[in-house]
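For reference, the structure discussed in these notes is given below.
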Amino acid sequence: MLRALFVAEKNDVAKGISGLLANGHFNRREGRSKFNKIYELQTQVLGRNAVVSITSVSGHMMELAFHADMANWQTVRIASLFDAPVQQKVADGMKDIARTLTEEAKKNDVLVIWTDCDREGENIGAEIVKVCKESNPRLDVFRAKFSEITASAVHRAVRNLVRLDNNIVDAVDCRSELDLRIGAAFTRLQTLHLRSKFRDIFESQNQKVISYGSCQFPTLGFVVDRYKMIENFKPENFWRLLVEHVRNGIKVDFLWDRNRLFDRDVVNVLYDNCQEKLEAIVEKVVKKPKSRWRPYAMDTVALEKLGSSKLKMSAKEVMSVAEKLYSKGWISYPRTETNKFPKGMELAPLVEMQAESNEWGNFAKEVVERGVNPRNGNKSDEAHPPIHPLKFADRQTLNGNEWRVYELVVRHFLACVSRDASGEETVVNLRINSERFHANGLCVKDLGYMHVYVYEKWGDKQIPTYVENEILKEFNLRIVDGTTQPPDLLTEADLIALMDKFGIGTDATHAEHIEKIKERDYIGVKGDGKLLPSFIGLALVDGYDDMGFAMSKPDLRANLERGLKDICDRNRNKRDVLTEQIGKYRTIFDETESKVFFLSKSLEKYLDKRSSGNLPDVGNGGHGGGPPRGPDGGGGRGAPRGGGADRGRGRGGRKTTASRRGRKNDMAASGANMSNYNGEDEAETRRPRERKNTRTLAEDAEEVMCACNPPLQAVQKTVQKEGPNKGKRFWTCSLPFNSSEKCSFFQWV
DNA sequence: GCAAGGTC
């Protein structure tokens with residue numbers, strides 16, 4: 001009989017595949033590690049009957065390190081960390097696992113790697129091979145490829161064994177070597193330089209290490225960039241037309257289809273146009289179904305974001321509680337990138353299990369009656385299903401944060417498999433002369449998933465009945481003013497979304513990187529959960545920026561990722577990418593070393609600012625300080641600061657196209673690095689992009705004109721109305737435009 | 001005393 005050793009990435013998977021391959025009949029015995037058992041069974045391997053031992057590691061078993069002679073920070077030339085030899089060795093806590101492998105390998109002819117089918121999994125597989133081959137060089141090594149732990153997937157995998165992909169292994173080796181060399185070199189340089197210049201500060205802060213990491217810095221960079229965006233925000237005034245109408249005792253605000261304009265004169269002219277004909281025609285009344293979609297099945301990023309925004313826990317806390325719930329069997333594996341349930345998965349029993357709850361039991365019963373209907377996303381890590389409850393619990397069984405996280409997982413799961421919320425929206429379109437307005441009403445018909453998903457709200461918005469073509473005479477038309485507001489500071493949920501989007505870290509490490517830069521005092525958390533950079537964080541980012549190195553931007557990591565992908569795709573080899581990347585960082589390092597005073601100068605600048613009270617104090621417990629404000633003193637945030645009463649017709653100074661354009665260019669230059677990841681890209685930001693505020697009308701027009709078919713024509717008109725502008729000529733559009741083509745084209749001749 | 005990646 002063939003003797004085969006199967007090794008999985010974690011005990012959970014070893015146990016899972018054992019059960020599936022043995023139909024539940026397997027022996028279990030202890031290994032050297034308490035957490036990693038050995039399961040034994042008989043099955044077919046490589047077309048032969050085989051006795052199989054199935055065991056596991058716990059993630060990476062080995063770590064990369066410099067030799068001991070590099071340990072002295074004072075005597076070792078830092079730059080030599082770029083070419084000093086490194087060695088891979090079994091990590092301290094993993095010795096017993098390695099020993100199990102050594103012992104088991106001797107007894108077997110074949111080794112099959114069952115680690116997760118992702119990049120790190122392939123590399124962990126190579127570590128397992130190294131340890132096993134050391135004790136049994138004759139081992140024939142195979143790789144099982146599986147997309148989920150189900151009977152069909154596991155049986156298919158065992159019938160179709162392949163070999164390890166050494167390119168993927170190389171890519172991960174390349175990544176870890178670069179992370180170590182770069183991290184160690186820049187950490188020593190920063191730490192030694194800043195500590196020598198500011199001994200008092202770092203001693204008083206008990207701040208021993210000022211670390212650099214390829215994930216730490218971009219994470220810090222996001223926080224700093226948002227902070228600076230707020231600090232440098234130049235509020236701009238805008239104006240809009242508003243029509244108020246009262247019917248059946250309900251006041252309806254008809255909003256302007258143009259939304260808002262940044263030129264008071266234009267608004268005045270358009271206001272005048274409306275005043276010429278003080279009647280409003282109801283052009284269209286449309287009722288249409290509107291729904292709110294239930295959430296996607298929950299992956300790790302969703303859990304972290306929800307835990308942070310709805311439960312007000314840090315991502316790190318959420319994950320550690322979720323891991324506890326997982327290890328006690330309450331919920332499924334919490335580190336998953338999968339947001340869709342596998343096709344064959346039996347969800348109904350999981351829903352039924354919740355029927356005994358006195359909080360959501362009735363909802364669960366209803367779901368079972370109507371049919372389980374999960375809303376699936378399109379991401380899959382091909383190893384773990386979305387996060388879902390495994391056992392029923394109530395407030396007696398769990399408490400504190402464990403209960404809160406469990407409740408979130410259950411409510412999210414039930415919401416996901418139930419039904420969308422549905423309602424009916426009414427849109428009333430109004431026209432006064434050439435200007436168009438609209439008002440919306442909403443009638444919620446069925447709250448659907450929101451019955452159980454208490455984290456979201458959706459409510460009726462009453463609107464009285466309007467009839468198409470009716471004419472309104474009694475209404476109030478006015479000009480409302482407002483000021484653009486800076487965006488908010490990042491929340492932890494925002495930060496995780498950015499990291500996810502730009503590929504900084506993995507779903508399993510986002511929370512750790514954030515925690516690390518908190519621990520290093522690069523950022524702090526305000527009372528309301530918003531993240532603020534500390535003076536050290538600001539100084540580090542600025543210091544490198546001043547030298548001209550984008551160390552805190554996500555691009556560097558993205559560039560490395562491209563190299564790694566090339567290795568996986570066999571377009572380049574490991575040596576090639578390693579040489580290139582080391583060379584690149586070595587150049588930056590040499591220059592940083594010669595200009596390292598930029599760092600201390602930058603820190604000095606922020607120390608001055610802090611002592612003059614111009615900088616919020618964060619870190620080291622002191623999370624004081626309000627949010628930064630724009631120079632003109634941004635008042636309340638959120639909704640635009642709106643003027644209540646009708647405004648006088650005071651003429652704002654006219655801004656020429658040239659001056660607007662100049663300002664825009666300044667903005668583009670200083671904010672170039674932000675353009676990719678701020679503003680409207682994030683669903684929760686309601687504010688306009690910076691660009692919008694500074695666009696010239698001509699630019700708006702250009703865009704609109706090109707987009708319209710037939711293209712709009714610019715025509716000249718003359719201001720007819722009494723006033724300072726009477727007789728002045730302006731350019732406007734020749735054709736009416738509908739609401740989807742928001743033309744703001746207006747320009748003085 | 002340095003990183004990031006696994007996982008318990």
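Remember, predicted model here, so these are calculated numbers, not experimental data. Letters A, B, ... mirror the listed sequences (proteins, then strands); counts begin at 1.
Taking only distance into account, the side chain of A:S211 never meets the base of B:dC2 through a donor-acceptor pair shorter than 3.5 Å.
Nucleotides of DNA chain B nearest to A:I97 and A:G213 differ in position, and the one nearer the 5' end is that of A:G213. Annotation: of the two residues near DNA chain B, A:M61 and A:K516, the 5′-most nearest-nucleotide partner is A:K516.
OP1 and OP2 of B:dG1 both lie 4.0 Å or more from every side-chain N or O belonging to A:R520. Between A:Y333 and the phosphate of B:dT7, there is a side-chain N or O to OP1/OP2 separation shorter than 4.0 Å. Between A:K208 and B:dG1 there is no side-chain polar atom (N or O) within less than 4.0 angstrom of OP1 or OP2. Proximity of A:S58 to the phosphate of B:dG6: no side-chain N or O atom is located under 4.0 Å from OP1 or OP2.
Annotation: A:Y544 is in aromatic contact with A:F217 [ring centroid separation under 6.0 Å].
Between A:R99 and A:E103 there is a salt bridge, since at least one side-chain N of the basic residue sits less than 4.0 Å from a carboxylate O of the acidic one. One finds a salt bridge joining A:E492 and A:K518 here, because a Lys/Arg side-chain nitrogen approaches an Asp/Glu carboxylate oxygen to under 4.0 Å.
Using modelled atom types, no side-chain atom of A:R143 and backbone atom of A:V162 make a donor-acceptor pair closer than 3.5 Å. Formation of a donor-acceptor pair under 3.5 Å by the A:E127 side chain with backbone atoms of A:M62 is found in this model.
Here the nucleotide nearest the side chain of A:M94, chosen from B:dA4, B:dT7, B:dC8, is B:dC8. Listed nucleotides: B:dC2, B:dT7, B:dA4. Nearest to the side chain of A:A184: B:dC2. For A:S176, the listed nucleotide lying nearest its side chain is B:dA3; candidates were B:dA3, B:dC2, B:dC8. Considering only the side chain of A:H513, B:dA4 comes nearest among B:dA4, B:dC8, B:dC2. Out of B:dA4, B:dG1, B:dT7, the shortest distance to the side chain of A:Q216 is found at B:dA4. Side-chain atoms of A:T187 lie closest to B:dA3 of the nucleotides B:dG5, B:dA3, B:dT7.
Per the geometry, CZ belonging to A:F66 stands 8 Å off C1' belonging to B:dC2, to the nearest Å. Remark: P of B:dA3 and CD of A:Q190 are 10 Å apart, rounded to the nearest angstrom. The interatomic distance linking A:D179 (CG) with B:dG6 (C1') rounds to 13 Å, in whole Å. Look at CD on A:E127: it is 12 Å from P on B:dG6, rounded to the nearest Å. Between the P atom of B:dT7 and the NZ atom of A:K316 lies a distance of 14 Å, rounded to the nearest Å. Rounded to an integer number of Å, the gap from A:E122 CD to B:dG6 P is 14 Å. Rounded to whole Å, the distance from CD1 on A:I124 to C1' on B:dT7 is 8 Å. Atoms NZ (A:K34) and C1' (B:dT7) sit 15 Å apart, rounded to a whole Å.
Note on A:Y212: only backbone sugar-phosphate atoms sit closer than 4.0 angstrom, heavy atoms only; bases stay farther off. Residue contacts for A:L64: at a heavy-atom cut-off of 4.0 Å it reaches a base atom on one of the strands shown. Residue A:T115 is classed as having no contact, given no heavy-atom separation below 4.0 Å to the nucleic acid. In this structure, A:D116 reaches the sugar-phosphate backbone alone: every heavy-atom distance under 4.0 Å involves primed, P, OP1 or OP2 atoms, never a base. If you check every strand for non-hydrogen atoms under 4.0 Å, A:R335 touches a base. As judged by a 4.0 angstrom heavy-atom cut-off over every strand, A:Q74 is placed among the base-contacting residues. Among the heavy atoms of the strands, none lies under 4.0 Å from A:M319. Looking at heavy-atom distances under 4.0 Å, A:G505 makes contact with sugar-phosphate atoms alone, never a base. A:R119 comes within 4.0 angstrom of no nucleic acid atom, judged by non-hydrogen atoms across all strands.
Side-chain polar atoms of A:N559 and A:Q581 form a donor-acceptor pair below 3.5 angstrom.
Contact check for A:T150 versus A:M345: no side-chain heavy atoms found under the 4.5 Å cut-off.
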